[in-house]
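Let me begin by presenting the structure, written as structure tokens, before commenting on it.
We count ligands from 1, going down the list as the structure has it; atoms in each ligand are counted the same way.
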Amino acid sequence: MGLRFQAVQTAASRPSVDVVIEGNVTDYFGENVFDLKKMQKYLEPDAFSAVLSVRENGGRIDKEVAEKIAQGMKVWAMEKGVTHYAHWFQPLTGTTAEKHDSFLDFNYATGTPIEKFAGSLLVQQEPDASSFPSGGIRSTFEARGYTAWDPESPAFIVDTTLCIPSVFISYTGESLDYKTPLLKTNAVLDKAATGVAKYFDKKINKVTPTLGWEQEFFLVDAALYEARPDLILTGRTILGHSASKDQQLEDHYFGSIPERAAQYIKEVEVECHKLGIPAKTRHNEVAPNQFEIAPIFEHVDIAVDHNILLMDVMRRVAKRHNLVALLHEKPFAGINGSGKHNNWSMSTNTGVNLLNPGKDKDSNLMFLTFMANVVKAVHTNSDLLLASIATAGNEHRLGGNEAPPAIFSVFLGSALTKTFNDIESATADAMASQAKSFLTIDIEHIPELTLDNTDRNRTSPFAFTGNKFEFRAVGSSANCAGSMTALSAAVAQQLTAFKLEVDALIAKGAKKEEALLTVIRKIIIESKSIRFDGNNYSDEWKAEAAKRGLKNITSAPESWTALTTDKAHALYIDQNIFTARELEARYEISLETYVKKMKIEIELMDELISNVVTPAALKYQSTLVGNVTGLYAISLKSAADPSIAIISKISEHLSAIGTAKTELKSTIHSAESLTSLPDEAAVFAGKVRTLLSAIRTEADELELIVDNELWPLPKYRELLFTK
Ligand code: ADP
Ligand code: MG
């Protein structure tokens, strides 16, 4: 029996792995995290207050304190059976990195083995940076990079390793990871947003961005996965005809979770809770075998770590359930892709969510101020937001089935849209003279209306959902830090500009409310074209967006050209989030990664066509030829017609594949001879992708024709309906 049928049989008879939860979630929540409670227990009081102070006010931890923290951490970790420690960081590969070192050391005076974890090793390490993407920042003779502990993010235990969340920078100080720019952006946003929030409440002295991600993913049985080289090597099926039934009956979303998946998700949740990840919601998604896990929102830097950790937990736990979690944005052509909706807002030290409509006039004006500025920020930087979520994987998803298009727009809902329109149509004079009454008349109704949950739009790439924005265009495998850095940076930049304008009006004698409303009205008008409440999936929107001058960039490499513009300079370099060299490096890394991923898919396609598709097609064709010869031998020539028709169909498809493959080879050859990386990537995003999908179409037609018994790869219908 071939691998496919073995796998189908194994998968079909696989029992669910029952998960028994011991105790209540409050008993084990955070048990594998060196959180404040444990710090208090294991650290000396001065070390404990040093950590608290760094968390609240920033700054560095000095050597002696680091030594004490390391000792406390070690004692706690060893009590939990930990043998190794690792700096855990988020390089630009998109995954995480960790190098494990044992606690084992020697007391060289006595020659006896000891367990040791020095403070210097807690604070800083020097992994060899030469194997991580750096966009040319690190030349090989300067291969060193530093990882440095980020004391805002607590250490945690995975298996028997103590993981220390860290940032990763080059020997020359440039960031080589996702975390460093995010932390810088948080500080920039804090400053800008606090400045504006003080117009309304002098007690506000800190603003923190918050993030609640929603992680979508697919599950497939491990045996079926093993029989699909494309899933193994690229995370998606590069071949495969759609099943006759997939999601058209709309019977999966919010349905009861199939047993194997339910047990799996249950265990993922327990592991998450032990790691302090506040997983809260789980449900089926739209496509068969597609699910979602979402947490309670947290400060953005912690939420980013937790999402990366979740993806790791998902992969590990899946093994115990004989499942594989697919995090790719588009594992299956023709059905829904997976996103990672990033719910984002800003909260103050006084406990106020700045995007929560207030109950009275003053808090409403504060809400309106932040709303209008976010919309304006997205309007100004929509191309950079798109660049922040573009990847080779997400390129397959955006604009595909039920995924936001690559056109950026903002959904506000009917109540807020009306308020924005009212403000727009009020004349500047009327606004100035009636600032107060205008507010009480027109803005009072916001709370009631925007909290209406039916006022939702699931097609928008960036939707206001009552008290937060949902950045829906983010891809399922992404590190949230990329999109969160872009968004918070854009909002920070806009809030800074806003405050300058308001202050200038006040300096000229305007009253505060009048000045605020005047600038709010101005930015509402300026950013009008980005607002769209209709169906983003429709063709009408594409036409309308083009009329409004909104771009529809479906190619990832093309979207990254935004990183080379003056706008990117203003957003990232002027705000000290990236240096010019870092920004350039990120552009390069994005392009390099894109081309590399495409090349892997091309080579694999070549191999699958030669070793799998063509032999299966020829084998079936030979059988048919035998059938025809037989029928001719018994003089039943006309009875051979159906077989002859299929024989020629097979030949047609094979020859179409051959033609496309030849063209693909020469296209790649000429792309590789281009000296500019952007030009090369553009060929891959354009002609190469078109040719690959042409080959796929032919191969998928062959899958439909060839005898089912002879087809070696598990089919969509077999991959997608795990019980
Ligand atoms: P939905 O209808 O989109 O599923 P939910 O209320 O379930 O809305 O929230 C989805 C996500 O939004 C959750 O992860 C939740 O924690 C997060 N969220 C809620 N409020 C905020 C906020 N103020 N900031 C960031 N994320 C938030
Ligand atoms: Mg949601």
Side-chain angles (χ1 to χ4, degrees), residues 25 29 182 185-186 189-190 193 197 204 206-217 253-255 257 265 268-269 272-273 276-286 290-311 314 336 338-358 363 366-367 370-371 374 378 402-404 410-413 416 447 450-474 476 478 480-481 483-488 491 536:
V25 62
F29 189 84
L182 179 75
T185 305
N186 291 349
L189 179 69
D190 173 22
I204 296 178
K206 191 166 176 66
V207 173
T208 318
T210 51
L211 164 64
W213 36 262
E214 300 167 54
Q215 179 70 54
E216 294 180 345
F217 59 99
Y253 192 56
F254 280 13
I257 303 179
I265 295 175
V268 167
E269 284 173 337
C272 280
H273 292 153
I277 306 170
K280 169 96 175 156
T281 313
R282 58 181 181 210
H283 61 78
N284 286 353
E285 262 304 325
V286 175
Q290 194 188 23
F291 308 92
E292 178 185 298
I293 296 179
I296 297 167
F297 70 92
E298 302 174 278
H299 286 181
V300 77
D301 47 339
I302 305 293
V304 162
D305 284 2
H306 281 167
N307 177 250
I308 291 281
L309 255 181
L310 167 90
M311 294 197 283
M314 284 170 70
N336 265 33
S338 296
K340 171 148 50 202
H341 305 173
N342 278 200
N343 295 271
W344 174 93
S345 187
M346 293 167 282
S347 71
T348 67
N349 60 303
T350 56
V352 172
N353 173 358
L354 291 171
L355 297 181
N356 205 8
S363 54
M366 176 159 91
F367 163 71
F370 282 94
M371 280 302 295
V374 173
V378 172
E402 306 275 314
V410 179
F411 169 88
L412 286 187
L416 258 181
T450 48
L451 292 181
D452 175 1
N453 265 322
T454 56
D455 195 17
R456 284 295 181 97
N457 181 318
R458 304 249 169 228
T459 69
S460 173
F462 196 79
F464 183 63
T465 53
N467 59 3
K468 62 193 184 286
F469 275 98
E470 188 169 340
F471 192 171
R472 302 175 72 251
V474 185
S476 50
C480 304
S483 52
M484 291 295 95
T485 297
L487 176 58
S488 295
V491 173
N536 282 258

Walk me through it: do V374 and M346 pass the test side chain to side chain contact (heavy atoms under 4.5 Å, CB included)?
CA-CA 11 Å; V374 173; M346 293 167 282; 4.2 Å; yes
For atom 14 (O) of ligand 1, the option (of P209, A294, P295) bearing the nearest heavy atom
P295
Specify side chain, backbone, both or neither for I296, according to which of its non-hydrogen atoms lie closer than 4.0 Å to ligand 1.
backbone
M371 vs F469 side-chain heavy atoms within contact, under 4.5 Å
yes
T281 near ligand 1 by a heavy-atom separation under 4.0 Å
no
Any side-chain heavy atom of C480 sitting closer than 4.5 Å to one from L211?
yes
Would you call T348 and L354 a side-chain contact if the rule is heavy atoms closer than 4.5 Å?
yes
Atoms in ligand 1 with a heavy atom of E214 nearer than 4.0 Å:
3 (O), 10 (C)
Which word best sums up how the rings of F471 and F462 line up, parallel for under 30°, tilted for 30 to 60°, or perpendicular for over 60°?
perpendicular
Any N or O of W344 that comes nearer than 3.5 Å to an N or O of ligand 1?
no
For E470, which part has a heavy atom under 4.0 Å from ligand 1: side chain, backbone, both, or neither?
side chain
Quick one: which of E216, E214, Q215 gives a side-chain hydrogen bond (donor to acceptor under 3.5 Å, both in side chains) with K340?
Q215
If you compare M346, H341, K468 by their heavy atoms, the one closest to atom 6 (O) of ligand 1 turns out to be K468
